[in-house]
2 protein chains.
Amino acid sequence: MNLADCSSHSATARLLHFGSPGAIYLRRFVGSLHVGRCGSNPTHVKTLRLRSNPPKTLTVTEAELAASAKIIDGKMVAKEIRDEITTEVSRMKDAIGVVPGLAVMLIGERKDSATYVRNKKKACESVGINSFEVRLPEDSAETEVLKFISDFNDDPAVHGILVQLPLPKHMNEQNILNAVSIEKDVDGFHPLNIGRLAMRGREPSFVPCTPKGCIELLHRYGFQIKGKKAVVIGRSNIVGMPAALLLQREDATVTIVHSRTQNPEQIVKEADIVISAVGQPDMVRGTWLKPGAVVIDVGINPVEDATCPRGYRLVGDVCYEEARKVVSAITPVPGGVGPMTIAMLLSNTLSSAKRIHNFQ
Amino acid sequence: MNLADCSSHSATARLLHFGSPGAIYLRRFVGSLHVGRCGSNPTHVKTLRLRSNPPKTLTVTEAELAASAKIIDGKMVAKEIRDEITTEVSRMKDAIGVVPGLAVMLIGERKDSATYVRNKKKACESVGINSFEVRLPEDSAETEVLKFISDFNDDPAVHGILVQLPLPKHMNEQNILNAVSIEKDVDGFHPLNIGRLAMRGREPSFVPCTPKGCIELLHRYGFQIKGKKAVVIGRSNIVGMPAALLLQREDATVTIVHSRTQNPEQIVKEADIVISAVGQPDMVRGTWLKPGAVVIDVGINPVEDATCPRGYRLVGDVCYEEARKVVSAITPVPGGVGPMTIAMLLSNTLSSAKRIHNFQ
């Protein structure tokens, strides 16, 4: 697979922190501030008069102004879903006195994992779901983890169990994930769930959160899936493969493109729907995309950027600047699929509680 | 999906029962006796002098003579595999005194099912595997079937359990198939097996027999799968979907074509490997196929043919006569995938016995 990087990240990055009212105005006007080159050499430019005092001008290309791709706003949709969940949690509590509960286990001291766990806990609080957290040191024994899982399996206050990945290297991920009761596997990673997802006429108890979030975005924006050609880039157990199975369940004609695929750009070019989940910054170029396609970009890739306070910024698998001139709709990174993952985790936890308590 | 039927079956059929030494000679010479039109209008014809007495001539097209597709001989490969299994069964018996055992359950009086069960029993005998058969009347209770399955699950002489499908309509197929112990699910239809098949880094206990047979044919004939474009036509739980998962595990780039696919012929035309499992006689035309492709035809479709003793003959999903002029290799019907299915069932039963008894 051609892993060409599309852009000079530093060049794009220079435009990121304009910080003026004019910059904000432009963002509203053309949908994004990025005027990065991403391999293209803009020749036709126009000037915009910006709402700043004193007035100043900024050059943007005609292509920028003409770019009409709809931005699929994952942050907004996730907020909508969380509001719906808040209402349902409250209704359930009032009706039968049950509050959904999510147990999250964090083993080790990875900072990124700690952040994810903190965000999940916060998200639970924001919708009224109880959260239970277990933190164990890096050198814990696998048996200790299994004991906690077993207790959570038996605990009626817990309706979902999530073990934050990756685990410390001395632990067997398969053993640990398989120990989570199929009834509380809100991550949907159990092979029994995946098997049911793959099979016609079967229903998984839970669908993995990120691919479920991708499909939910397509649904909420009203994009047709049935009969469409879809390409999923990446075949991981947690995103690519289940995303392909979900698209297939909805009657798309699905191809999975992966690291052994020859001429991936030709295959992607034929797709009406592209879901990319490979973790390669800006791998999918504008030239890879069919005009009018819908793009869901799952990649959240940090790229070095000295001008950002943290020294990096996040980009997707798809070269956004090129793509938005070609496709009809695209998720931004960040603010696209990312917020949907946690919303789907909350949704799965609520569904689990409803199922366990037979609450409609 | 365009379900156009490629041939005038009756026209083709008239050539089926020549019954002369000349006909046999021609079969050897051009690989097949079918000189049916299948939508084409042969214009250039040659005459062949046949080894009959008195000598006679038969017209065939130049294209017929030029046809060079390799015939993937499933019957021969299945025989090889059965010979290997016979050796292994004998070695196991001599070493640890264990004989693999397969239990087959037949519920109802369907003639085709009875034939399949009889063939499976015969096949077991031919390789030295013990077979246990249960026949229950059509109106049996589901609980009765479940009781037998439970007994077989506990029986150490049984290493594989197979419930012949379809079941009588009043029975819940899902309940019954799920009751088969995952350790003895030699059909490989349990969702846990399918889930493991779909997931990277997991290994299913058993792979469903027909798709396993398709891949085994590709392996034994030395066709490369890795990096190739593969199209599976049909998405059934028992053939299409697991076949796609198997090809994907071997690093093909896989697309599943199904009844909701638009322009299936265009998609199939790009494939280096085609596995068809839809049950539509002669649906896949020669024009659908990429020159040099490898075709595995799972379809076994009876078409009316008054000239055949049974009143019908069997054809595949792929229009064989057209396909063999285009592709580099193809399975015939019958004699292609069919014999492989039972060979894989025997292979799964042997593997199960080896695993249960930890015999290498």
Side-chain angles (χ1 to χ4, degrees), chain A residues 1 172-174 177-178 182 188-205 208 224-238 240-242 244-245 247-264 266-268 270-272, chain B residues 1 172-174 177-178 182 188-205 208 224-238 240-242 244-245 247-264 266-268 270-272:
Chain A
M1 189 182 280
N172 184 322
E173 184 180 302
Q174 196 169 326
L177 293 185
N178 282 357
I182 186 79
F189 294 159
H190 195 290
L192 192 53
N193 265 327
I194 298 293
R196 289 176 182 160
L197 190 64
M199 296 172 83
R200 302 189 83 189
R202 303 290 179 113
E203 289 298 327
S205 304
Q224 192 185 332
I225 299 175
K226 186 173 180 171
K228 297 291 178 188
K229 268 183 156 178
V231 165
V232 176
I233 314 177
R235 52 176 166 172
S236 70
N237 288 343
I238 57 175
M241 181 268 296
L245 297 176
L247 288 165
Q248 162 110 337
R249 280 179 92 86
E250 302 219 10
D251 289 337
T253 300
V254 187
T255 306
I256 298 186
V257 161
H258 51 75
S259 58
R260 304 293 178 187
T261 296
Q262 288 171 10
N263 303 320
Q266 282 176 18
I267 297 170
V268 174
E270 289 173 13
D272 305 303
Chain B
M1 189 182 278
N172 183 323
E173 185 181 302
Q174 194 168 326
L177 293 185
N178 282 358
I182 186 79
F189 294 158
H190 196 290
L192 192 53
N193 265 328
I194 298 294
R196 289 176 182 161
L197 190 64
M199 295 172 84
R200 302 189 82 188
R202 304 289 180 111
E203 288 300 327
S205 305
Q224 193 186 330
I225 300 175
K226 186 175 180 170
K228 297 292 180 189
K229 268 182 156 179
V231 166
V232 175
I233 313 178
R235 52 175 167 172
S236 70
N237 288 343
I238 57 175
M241 182 267 298
L245 296 177
L247 289 165
Q248 163 110 335
R249 280 179 92 88
E250 302 219 10
D251 289 336
T253 299
V254 186
T255 306
I256 299 186
V257 161
H258 50 76
S259 58
R260 304 293 178 186
T261 297
Q262 287 171 11
N263 303 321
Q266 282 177 16
I267 297 171
V268 175
E270 289 172 14
D272 305 303

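Order of the sequence lines fixes the chain letters, A, B, ..., with proteins taken first and strands second; residue numbering starts at 1 for each chain.
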Can you name the nearest heavy-atom pair linking A:A198 to B:I194, along with the distance?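 That closest heavy-atom pairing would be CB-CG2, 3.9 Å.
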Given a strict heavy-atom distance threshold of 4.5 Å, which part of [X] is in contact with chain B: side chain, backbone, both, or neither?
{"X": "A:L197", "value": "neither"}
{"X": "A:D272", "value": "neither"}
{"X": "A:A244", "value": "neither"}

For the residue pair [X] and [Y], establish whether any side-chain heavy-atom pair is separated by less than 4.5 Å.
{"X": "A:T253", "Y": "B:H258", "answer": "yes"}
{"X": "A:T261", "Y": "B:K229", "answer": "no"}
{"X": "A:Q266", "Y": "B:E270", "answer": "no"}

Could you measure the distance from the CD atom of A:E203 to the CD atom of B:Q174? Nearest 0.5 Å is fine.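 Rounded to the nearest 0.5 Å, the CD-CD separation comes to 9.5 Å.
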From CA spacing to verdict: side chain to side chain contact (heavy atoms under 4.5 Å, CB included), B:N178, A:R202: CA-CA 12 Å; B:N178 282 358; A:R202 303 290 179 113; 3.4 Å; yes
Among [options], who wins on heavy-atom pairs under 4.5 Å with chain B?
{"options": "A:N263, A:L192, A:D251, A:I267", "result": "A:D251"}
{"options": "A:M241, A:R235, A:E173", "result": "A:R235"}
{"options": "A:K226, A:Q262, A:H190, A:Q248", "result": "A:Q248"}

